[in-house]
Amino acid sequence: DHIANQIAAGEVVERPSSVVKELVENAIDAGSTRIDVTVEDGGLALIRIADNGSGIGADDLERAFQRHATSKISSGKDLFHIRTLGFRGEALPSIAAVSKVECVSASDDSGLGRRIELAGGQLLAHEDAAASRGTDIRIKELFYNTPARLKYMKTIQTELGHISDFIYRLALSHPQIAFLLKHNGNTLVQTLGNGDLLSVIAAIYGTGVAKKMLPIKGESLDYRISGYICRPEETRAGRHAISTVINGRYIRNYAVAQALVKAYHTLLPINRFPIAVLHIEMEPSLLDVNVHPSKMEVRFSKEPELLEFVEETAARILRGTAH
Ligand code: ADP
Ligand code: MG
């Protein structure tokens with residue numbers, strides 16, 4: 001069983017950012033409005049996620065760290081949960097198998113919660129603890145017992161880059177959640193959680209960039225788009241600075257980014273790229289999320305229509321700035 005845990009862990013826990021991803025997604029699933037992420041040495045020394053979500057009930061805490069102990073069939077309605085269903089109940093046990101875990105959680109406001117401690121998946125402590133509602137989980141010494149995996153880790157800066165990219169994407173897709181990311185004592189990003197996307201853009205790209213963004217808005221029969229795109233004269237960022245959020249979920253889609261770039265290139269026939277954050281809403285039936293669950297890739301059943309809609313909406317906004 002110990003070996004099975006470690007093998008499964010290799011699939012879920014590739015590197016520190018995969019741990020951050022699983023834990024922060026759990027915090028979001030728990031309805032948190034505030035998520036603090038503290039990282040040391042690129043996540044290899046410490047990953048700490050503190051949230052103010054629903055918490056884990058006293059009776060469920062130990063089970064949450066046991067393989068296949070939890071299930072989430074009830075949320076299958078949401079297409080995007082297919083990703084989560086893939087690793088259903090596997091993240092916490094997998095992470096615990098390859099690290100030292102300490103988790104304090106409370107599911108009410110009584111001030112009393114439970115604390116659990118594990119190392120390499122082995123239970124070390126399980127006791128009452130003072131706690132406010134929410135979950136505070138610490139992952140220490142990731143891969144301490146799997147030296148082969150540890151050897152594959154890149155530099156602290158590379159691992160931190162993956163973590164911060166991930167937090168930026170989540171902040172951009174969830175402006176109503178306050179995110180804080182700290183590395184070795186330095187605050188890398190802090191968002192307010194007041195629902196204002198422009199303030200998230202300011203937190204990530206700087207207030208200078210945020211000031212030069214244009215609001216984008218548009219609606220067709222099938223699609224609704226909102227967000228911000230940069231002024232045509234401010235294009236210069238890499239292609240990766242185009243963020244696409246579909247129905248509240250950050251996705252990777254080259255075609256949508258390309259449609260936006262085309263709108264700029266009709267005005268500005270040079271090879272530069274915009275900073276943009278596009279929130280697009282559509283019927284879930286127009287989406288196919290089975291392409292590659294872990295990479296947040298989707299297919300659209302009416303892709304040509306969607307791309308035309310994105311390009312036309314952006315072109316209309318950009319032309320509006322020309323006069
Ligand atoms: P999954 O998310 O696929 O159900 P996990 O191993 O990630 O599996 O988590 C197991 C369970 O523990 C979750 O289903 C959830 O009930 C609970 N849980 C984990 N993290 C949190 C959290 N931050 N807040 C509340 N509940 C949590
Ligand atoms: Mg999970």
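Note that ligands are numbered from 1 as they come in the structure, with each ligand's atoms numbered from 1 the same way. All residue numbers refer to positions in the sequence shown, counting from 1.
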Any N/O pair L92/ligand 1 closer than 3.5 Å: yes
Below 4.0 angstrom, N of the basic side chain to O of the carboxylate: do D128 and R114 qualify? yes
Any nitrogen or oxygen of N26 lying under 3.5 Å from a nitrogen or oxygen in ligand 1? Just yes or no. yes
A student checking ligand 1 against G55 at a 4.0 Å heavy-atom cut-off should list atoms 25 (C), 26 (N)
Ionic contact status for E14 with K21, cut-off 4.0 Å: no
Check this for me - ligand 1, D51, N or O atoms closer than 3.5 angstrom, yes or no? yes
Does D51 come within less than 4.0 Å of R34, counting only side-chain N to carboxylate O? no
Evaluate A91 for polar contact with ligand 1, using N/O atom pairs at a separation under 3.5 Å. yes
Proximal atoms of ligand 1 relative to A30 (non-hydrogen, under 4.0 Å): 24 (N), 25 (C)
Before accepting this row, confirm whether a basic side-chain N of the pair E234/R236 lies closer than 4.0 Å to the acidic partner's carboxylate O. yes
Salt-bridge test for K154 and E159: reply yes if a basic N is under 4.0 Å from a carboxylate O, no otherwise. no
Counting heavy atoms only, name the option from A64, S32, S105, S107 that's nearest to atom 12 (O) of ligand 1. A64
Work out whether the distance between some heavy atom of G53 and some atom of ligand 1 is less than 4.0 Å. no
Checking T38 against R48: is there a side-chain donor and acceptor pair closer than 3.5 Å? no
